[in-house]
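First the structure, in the form of structure tokens, and then the observations on it.
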Amino acid sequence: MTSAVMDAHHSEAHHEPAKGIKRWLYATNHKDIGTMYLVLSLVMFLTGGVMALIIRSELFQPGLQFIAPNVFNQMTTMHALVMVFGAVMPAFVGLANWMIPLMIGAPDMALPRMNNWSFWILPFAFLMLVSTFFMPGGAPASGWTMYPPLVLQTGDAFPFLIFSVHLLGISSIMGAINIIVTIVNMRAPDMSLLKMPMFVWTWLITAYLLLAVMPVLAGAVTMLLTDQFFGTSFFLAAGGGDPVMYQHIFWFFGHPEVYILILPAFGVVSEIIPTFARKPLFGHDSMVYAASSIAFLSFIVWAHHMFTVGMPLTGQLFFMFSTMLIAVPTGVKIFNWVATMWRGAMTFETPMLFSLAILFLFTIGGFSGLMLAIVPADIQYHDSYFVVAHFHYVLVPGSVFAIMAAVYYWLPKWTGHMYNEKLGKVHFWLSTVFINVTFFPMHFLGLAGMPRRIPDYSTQFTDFNAIASVGAVGYGLSQLLFVYVVVQCVRGKGEKASSEVWDNPKGLEWTVPSPAPYHTFEVPPKISSSSTFS
Amino acid sequence: MRLPTRPQGEFSMLRKVYLSVLGLLGASRANADWALNMPRGVTRLSAETYDLHMQIFYWCCAIALVVFGVMIYSLIRHRKSVGAKPATFSHSMKAEVIWTTIPIIILLILAVPSARTVIELEDSRKPDMTVVITAYQWRWHYRYTGQDVEFYSSLARTSGDARRLDSGIDPFTVDNYLLDVDNPLVVPVGSKVRLLLTANDVVHSWWVPELAIKKDAIPGFMNETWFKAETVGTYRGQCAELCGMDHGYMPIVVNVVEPQAYAAWLASKQPAATQSAATN
Ligand SMILES: [Cu+2]
């Protein structure tokens, strides 16, 4: 004990951030690392966005205008990998780094050096992944799902693809361990598990999902690697293997991964709605149980991505019923949010607007998800643009909107300044309008029979494709406004933010000054028994 | 309006933009349409699939009406600017039980007819004929079992020429652009056709929306599905599983014809098919 106190004294001089590049390279402070994650995520979001715009430009009209079919396939593959692993996941880890210690009253993450490592792996992993565009044979073009045998036809990029997936997995696993250890061990005294804020709760569940499934993905891609280079035949029928087994293993990772991408978003919404409805979150405990049920169910629904591969009847029925069941806890979450709004006193600042859009638009994605669970209908929807519409409705106005809502919500806490509310709202409305212009017509395209992942299409699909492309360009350009608003706020252009920032929000993060000092909660905060956490 | 063919020369971007603006304005154009929904199809099971699709869609609409209705009401009435004072309630066991139970009941209502259709789909017993489909990068091969008929089915030449990067050929001048083949699959109307699917290289997927059939063709494995078309006609589809560079260019055409026409076609195909198999 004494030595700890002594150490604290000795390190007094180090309490201020280091200067220059060392601050970031050697970062162990959760706020610095959180910032780096968020910046990386923004860069990857814009990179993946450029790829999306190349895709949409090619699909603006029938016929090939800009890129060859193999380049098109590289674009769809890399767009997905970059967005899933580069934009959405690091953004949520960044938010976790920044906010979890502040929300549970901890001085930092439990494992700061590992935290540094798990971040710094990522820029190199993505540099390697993106560099495959310049390799003989080009970037991976087999879809982000990397199905064999097709993925084995990848050129020189193949081992780099596998290695970068390994690196991303290592980073995620370390991030997950860090989050679990922090939440379990470093909560302020008196903060029992069920008193934890929902964002912390959903991240705890997400971290367990990551821990469970990232090794599965690593195993799957390692088997691809040995099939390619070391003469094994895990997935090659000619050697006694089974290409479908890869799909089972991949989706055993892939479906929980879907919830890894959305559960923290649920957490963000559960923080924001109570603040702007000025009313405590409705059914906190049932929200926890709902999130846990979703996480559990996510392990037993994977084959609903595979209804066309040929499965025994009982298998099809099992996966149909288990998938339909997910609608129940998801519905509970939606109903609880609506009940939180009910008889509140709402105001509509940008974070609230994004959260409300999530309630509407994520629900539309949920509806198409329920439709996709119905096996006979899924046989028609599967691998069509209907699926593209579905998962973009849950990922963009679900996860991405939640990330943006969170950034607007906590930006004043991070920077000490308010962002430009007017421009924030303009960004919100542009995003919401264009996202629907982009993705809603894709439902129609899929139902009319347009398969996904094609660079060119029959002429009857022209009109909706043209509309979707216009929407995509609009959405892409609107995000530049987001970058502008954030940069202006970081540069201190807005008015000074108070420590509460909003109108009497609940939670420990609002008890520290804005901007949050470099070190917070070096002494654990006292929590009155009447404290409610949203 | 059908646009004139342009055998050579660059198609100007301006013209493309103009065409799409035309499309946005809803001007009618050859081959272009605004299909919104899944086709009802030409088999009993495709109709059943369509009905299931519509049934669940209407349920979603009903749920949306209630949930979004409550939300919109709340957004209008419970805002600070109209003087709303926040209530303090934060849980209700009764509410949680209600909104857990009602979705479960709706799901049960949906599950029963869905399961029934799945069971029918899987029942491929007693087929009238069997076709073995082998997928290649990037074409289909059809073999009629018990007949000496087999042939490859590839993208039609007209589409093949127009689809090249900057081909200068306007896709709108090509009949069934990217949905036409040299040798279609021909089957008799009213017959239960069993399909056995496999692939030679990578995973493909055989999809014809009007038949409500989509089944993966997987190298080393034999998949099974079936259909019984009840209307004479030509039905088009595409490979649905990403299979490499030309994944977008392996369409499927199924000609459903009268039994006599089928018999005549089969007879005409027999020697020719042997020849083409020999040359392949
Ligand atoms: Cu194919």
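The sequence lines fix the lettering, A, B, ..., with proteins before strands; numbering per chain opens at 1. Computed over heavy atoms, backbone and side chain alike; hydrogens, waters and symmetry mates excluded.
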B:D216 side-chain N/O to A:G310 backbone N/O, donor-acceptor pair under 3.5 Å: no

Examine distances only and state if a side-chain atom of B:S90 and a backbone atom of A:L281 form a donor-acceptor pair shorter than 3.5 Å. no

Test item: [X] and [Y] side chains (from C-beta on) under 4.5 Å apart, heavy atoms:
| X | Y | value |
| --- | --- | --- |
| B:F68 | A:L359 | no |
| B:V203 | A:L150 | no |
| A:Q380 | B:W207 | yes |
| A:M346 | B:S81 | no |
| A:Y457 | B:P171 | no |
| B:I218 | A:V309 | yes |
| B:Y50 | A:P376 | no |
| B:R163 | A:L64 | no |

Out of [options], return the one with the most heavy atom pairs under 4.5 angstrom to chain A.
| options | value |
| --- | --- |
| B:S46, B:A115, B:P103 | B:A115 |
| B:V208, B:L197, B:V118 | B:V118 |
| B:R77, B:M93, B:E210, B:E96 | B:E96 |
| B:A84, B:A87, B:P209, B:G248 | B:A87 |
| B:A199, B:G237, B:S92, B:P39 | B:S92 |
| B:L165, B:I56, B:T49 | B:L165 |

Tell me, with the steps shown, if B:K214 and A:D378 meet salt bridge (charged side-chain N to carboxylate O under 4.0 Å, His left out). CA-CA 9 Å; B:K214 185 184 287 135; A:D378 176 80; over 6 Å; no

At a 4.5 Å cut-off on heavy atoms, which part of [X] comes close to chain B: side chain, backbone, both, or neither?
| X | result |
| --- | --- |
| A:D456 | both |
| A:D285 | neither |
| A:F335 | both |
| A:N465 | neither |
| A:S142 | backbone |
| A:F360 | both |
| A:A238 | neither |
| A:L317 | side chain |
| A:M320 | side chain |
| A:M306 | neither |
| A:P148 | backbone |
| A:M311 | backbone |

Kindly assign one of parallel, tilted or perpendicular to the pair A:Y381 and B:H53, based on the angle between their ring planes and the thresholds 30° and 60°. perpendicular

Part of [X] lying under 4.5 Å from any heavy atom of chain A:
| X | value |
| --- | --- |
| B:D246 | side chain |
| B:L110 | both |
| B:F57 | both |
| B:Q137 | side chain |
| B:N37 | both |
| B:A162 | neither |
| B:L107 | both |
| B:K85 | backbone |
| B:L75 | both |
| B:I119 | both |
| B:C239 | backbone |
| B:T100 | both |

Determine, step by step, whether A:I374 and B:Q55 satisfy the side-chain contact (heavy atoms from CB on, under 4.5 Å) criterion, reporting the C-alpha distance in whole Å, the side-chain angles of both residues, the deciding distance to 0.1 Å, and the verdict. CA-CA 11 Å; A:I374 308 294; B:Q55 188 189 352; over 6 Å; no

Would a line drawn from the ring center of B:W59 to the ring center of A:F367 be shorter than 6.0 Å? no

If we define contacts as heavy-atom pairs under 4.5 Å, which of [options] has the most with chain B?
| options | answer |
| --- | --- |
| A:F321, A:F386, A:F348 | A:F348 |
| A:G449, A:A237, A:A345, A:A373 | A:A345 |
| A:G63, A:A290, A:G446 | A:G63 |
| A:G143, A:A448, A:G283 | A:G283 |
| A:I67, A:V244, A:T340, A:D242 | A:D242 |

Rounded to the nearest 0.5 Å, how far does [atom2] of [Y] lie from [atom1] of [X]?
| X | Y | atom1 | atom2 | result |
| --- | --- | --- | --- | --- |
| B:H91 | A:F282 | NE2 | CZ | 8.0 Å |
| A:Q61 | B:F172 | CD | CZ | 6.0 Å |
| B:I63 | A:T363 | CD1 | OG1 | 10.5 Å |

Over all atoms of both residues, closest heavy-atom pair of B:W99 and A:A339: CH2-CB, 3.8 Å

Is the positively charged end of A:K279 above the ring of B:F89, judged by distance under 6.0 angstrom from the centroid and angle within 45° of the axis? yes

Trace of the side-chain contact (heavy atoms from CB on, under 4.5 Å) decision for A:R278 with B:K80: CA-CA 9 Å; A:R278 291 162 182 78; B:K80 202 180 170 202; 3.8 Å; yes

Checking B:L178 against A:T459 for the side-chain contact (heavy atoms from CB on, under 4.5 Å) test, could you report, in this order, the C-alpha distance in whole Å, the side-chain angles of both residues, the deciding distance, and whether it holds? CA-CA 9 Å; B:L178 297 187; A:T459 49; over 6 Å; no

What do the steps show when you test A:Y147 against B:E241 for side-chain contact (heavy atoms from CB on, under 4.5 Å), and what is the final call? CA-CA 10 Å; A:Y147 279 4; B:E241 179 65 50; 3.5 Å; yes

